[in-house]
Engineer: 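If you scroll down you'll find the structure; I have some questions about it.
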Amino acid sequence: MHRNRNNRSNGGGGSGFGSGNSNGVREYNLPRRGDRATFNRFGNGNNGPAAAPTQAAPDAAAATVNQRANERIVETIQVEPPTLEIERRENTQTPAEDFPPELLIKHPLQNTWTLWYFELDKSKSWEESQREITSFDTAEDFWSMYHHIKTASELKNGCDYSMFKHGIRPMWEDKANKQGGRWLINLDKKQRSTELDHFWLEILLCMIGEGFNEYSDDICGAVVNVRTRTDKIAVWTGDASVQASVMEIGRKLKERLKITPKITIGYQVHKDTMVQKGSTTKNTYVI
């Protein structure tokens, strides 16, 4: 609570914190956080005016003052520590101009990105189970988001994270995805604790940092699926027919994740995935 000392009375019997006179003085000792504040009131018991000492009786006047000091009334109240803490913080807040400019400026990204979360709800359709969580367009806001959500390896089986450019939904039917496909990486259950989170973060950083160079505009987003047997990470592109772009994105992906040449990854066209028979889809490109 902020106290306006200018509006307090300094006179005897007043409620102020001023120095006052000997007729009625209230002294306030500001406590530390958690301490008890003590108010000492000096007076004649009923806060009435005291007789002023005269020049003819200095000894009597001194005796009167001593008597009133001995009869002082001590009132003790509990001051709420949070209130004092708030006052302390308000009074010691560092002005923005005292910080170096580089600490006040956020670093904008070339695109705005949106995080989606999928958890199957039998009472809803697949599309309705996709939840748009948040969007960001600076590096600082990305890290703030990333550090406040569960990692991919902590998700329940059957759940997904998706991160797509703002305005693109994480589904084949979206107009930005219709003609595209995905580079697919399969990870067995043992890799969940060792590589899943690392791979997913590296892909996110590569996307928001435009790490696919001149082909970054062809990136739509990425999805991580956490499943009982095999986890999957996919990078989605917008046009499967542009082979040069698709292949360069695939090469950059393997390089960024440090996937050895002995391990191949495949690119699947969304149209083929939509009409697949069985649990597998043919690869249009392999690298």
Side-chain angles (χ1 to χ4, degrees), residues 102 105-117 132-153 155 160-170 174 176-177 179-187 191-192 194-226 231-270 283-287:
E102 61 269 18
I105 300 174
K106 291 186 176 182
H107 298 79
L109 304 174
Q110 185 166 322
N111 290 285
T112 299
W113 297 83
T114 300
L115 176 70
W116 298 75
Y117 172 70
E132 184 175 343
I133 304 302
T134 187
S135 296
F136 59 90
D137 59 4
T138 69
E140 289 78 7
D141 290 337
F142 164 76
W143 286 114
S144 177
M145 176 275 300
Y146 186 81
H147 288 303
H148 283 82
I149 61 174
K150 290 183 177 180
T151 60
S153 63
L155 296 180
D160 304 342
Y161 276 147
S162 302
M163 186 173 290
F164 278 71
K165 289 175 179 174
H166 185 65
I168 303 178
R169 296 172 300 164
D174 191 278
N177 299 323
Q179 305 302 318
R182 61 178 183 173
W183 282 105
L184 186 62
I185 301 170
N186 295 304
L187 301 171
Q191 293 175 285
R192 181 178 299 180
T194 58
E195 294 182 303
L196 181 64
D197 292 337
H198 169 66
F199 279 11
W200 177 240
L201 177 59
E202 283 297 315
I203 289 173
L204 297 183
L205 294 175
C206 198
M207 290 196 307
I208 68 174
E210 309 298 323
F212 294 101
N213 303 325
E214 66 268 30
Y215 300 107
S216 291
D217 288 343
D218 297 333
I219 297 292
C220 296
V223 182
V224 56
N225 312 119
V226 178
D231 299 326
K232 298 179 181 180
I233 300 178
V235 176
W236 290 30
T237 70
D239 193 342
S241 66
V242 184
Q243 183 176 355
S245 173
V246 172
M247 294 299 291
E248 185 57 34
I249 289 172
R251 280 191 286 268
K252 188 67 176 181
L253 185 60
K254 285 191 68 173
E255 175 188 328
R256 187 70 177 252
L257 300 181
K258 296 180 172 57
I259 297 176
T260 63
K262 295 180 179 180
I263 299 175
T264 61
I265 59 175
Y267 183 89
Q268 300 172 351
V269 178
H270 292 323
N283 292 323
T284 301
Y285 306 108
V286 175
I287 193 169

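Residue numbers count from 1 along this sequence. Note that the coordinates shown come from a computational prediction; the quantities given were computed from them, not determined experimentally.
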Engineer: How close do Trp200 and Ala152 get, counting heavy atoms only, and between which atoms?
Structural biologist: CD1-CB, 4.2 Å
Engineer: Might you point out which heavy atoms bring Ala240 and Gly181 nearest each other, and give the distance in Å?
Structural biologist: CB-N, 4.4 Å
Engineer: Measure across Lys252 and Gly211 and return the closest heavy-atom pair with its distance rounded to 0.1 Å.
Structural biologist: CE-O, 3.1 Å
Engineer: For the residue pair Thr112 and Ser135, what are the closest heavy atoms and their distance?
Structural biologist: CG2-CB, 4.2 Å
Engineer: Looking at Asp197 and Ser153, what are the two nearest heavy atoms and their distance?
Structural biologist: OD2-OG, 2.6 Å
Engineer: Mind checking whether Tyr267 and Ile249 have side chains closer than 4.5 Å, heavy atoms only?
Structural biologist: no
Engineer: Under 4.5 Å between any side-chain heavy atoms of Ile219 and Val235, yes or no?
Structural biologist: yes
Engineer: Hey, does Ile203 have a side-chain heavy atom less than 4.5 Å from the side chain of Met163?
Structural biologist: no
Engineer: Show the numbers, then the answer: is there a side chain to side chain contact (heavy atoms under 4.5 Å, CB included) between Leu184 and Ile265?
Structural biologist: CA-CA 6 Å; Leu184 186 62; Ile265 59 175; over 6 Å; no
Engineer: Would a 4.5 Å heavy-atom cut-off, applied to side chains only, mark Val242 and Tyr215 as touching?
Structural biologist: no
Engineer: Drop me the distance from Lys165's NZ to Ser216's OG, to the nearest 0.5 angstrom.
Structural biologist: 7.0 Å
Engineer: Go through the steps for Leu196 and Ile233 under the test side chain to side chain contact (heavy atoms under 4.5 Å, CB included), then give the verdict.
Structural biologist: CA-CA 8 Å; Leu196 181 64; Ile233 300 178; 3.9 Å; yes
Engineer: Would you call Glu140-Lys106 a salt bridge at under 4.0 Å N-O?
Structural biologist: no
Engineer: With rounding to the nearest 0.5 Å, note down the distance linking CE in Met145 to OG1 in Thr138.
Structural biologist: 10.5 Å
Engineer: Less than 4.5 Å apart, side chain to side chain, heavy atoms only: is that true for Phe199 and Val224?
Structural biologist: no
Engineer: Is there a side chain to side chain contact (heavy atoms under 4.5 Å, CB included) between Leu257 and Glu195 once you walk through the steps?
Structural biologist: CA-CA 10 Å; Leu257 300 181; Glu195 294 182 303; over 6 Å; no
Engineer: Applying ring pair (Phe, Tyr, Trp, His ring centres under 6.0 Å), can you list everything that pairs with Phe164, at least two apart in sequence or on another chain?
Structural biologist: Trp236
Engineer: Enter the distance from Cys206:SG to Leu253:CG here, rounded to the nearest 0.5 Å.
Structural biologist: 7.5 Å
Engineer: Once rounded to the nearest 0.5 Å, what's the spacing between atom CH2 of Trp183 and atom CD of Gln268?
Structural biologist: 10.5 Å
Engineer: Name the one of Thr114, Val223, Leu115, Ile168 that satisfies side chain to side chain contact (heavy atoms under 4.5 Å, CB included) with Ser162?
Structural biologist: Val223
Engineer: Mind checking whether Ile208 and Asn111 have side chains closer than 4.5 Å, heavy atoms only?
Structural biologist: no
Engineer: Nearest 0.5 Å, please: how far is CD in Gln191 from CD1 in Ile185?
Structural biologist: 10.0 Å
Engineer: CG of Asn177 to CZ of Arg169: how many Å apart, nearest 0.5 Å?
Structural biologist: 9.0 Å
Engineer: Mind checking side-chain contact (heavy atoms from CB on, under 4.5 Å) for Asp217 and listing every partner two or more places apart, or none if nothing turns up?
Structural biologist: Gln110
Engineer: Applying ring pair (Phe, Tyr, Trp, His ring centres under 6.0 Å), can you list everything that pairs with His147, at least two apart in sequence or on another chain?
Structural biologist: Trp143
Engineer: What I'd like to find out is whether the side chain of Arg256 reaches to under 4.5 Å of the side chain of Leu205, using heavy atoms alone.
Structural biologist: yes
Engineer: Taking the side chain as everything from C-beta on, heavy atoms only, tell me whether Tyr117 gets closer than 4.5 Å to Tyr161.
Structural biologist: yes
Engineer: If every non-hydrogen atom of Ala234 is compared with every non-hydrogen atom of Arg182, which pair is closest and at what distance?
Structural biologist: CB-CD, 3.9 Å
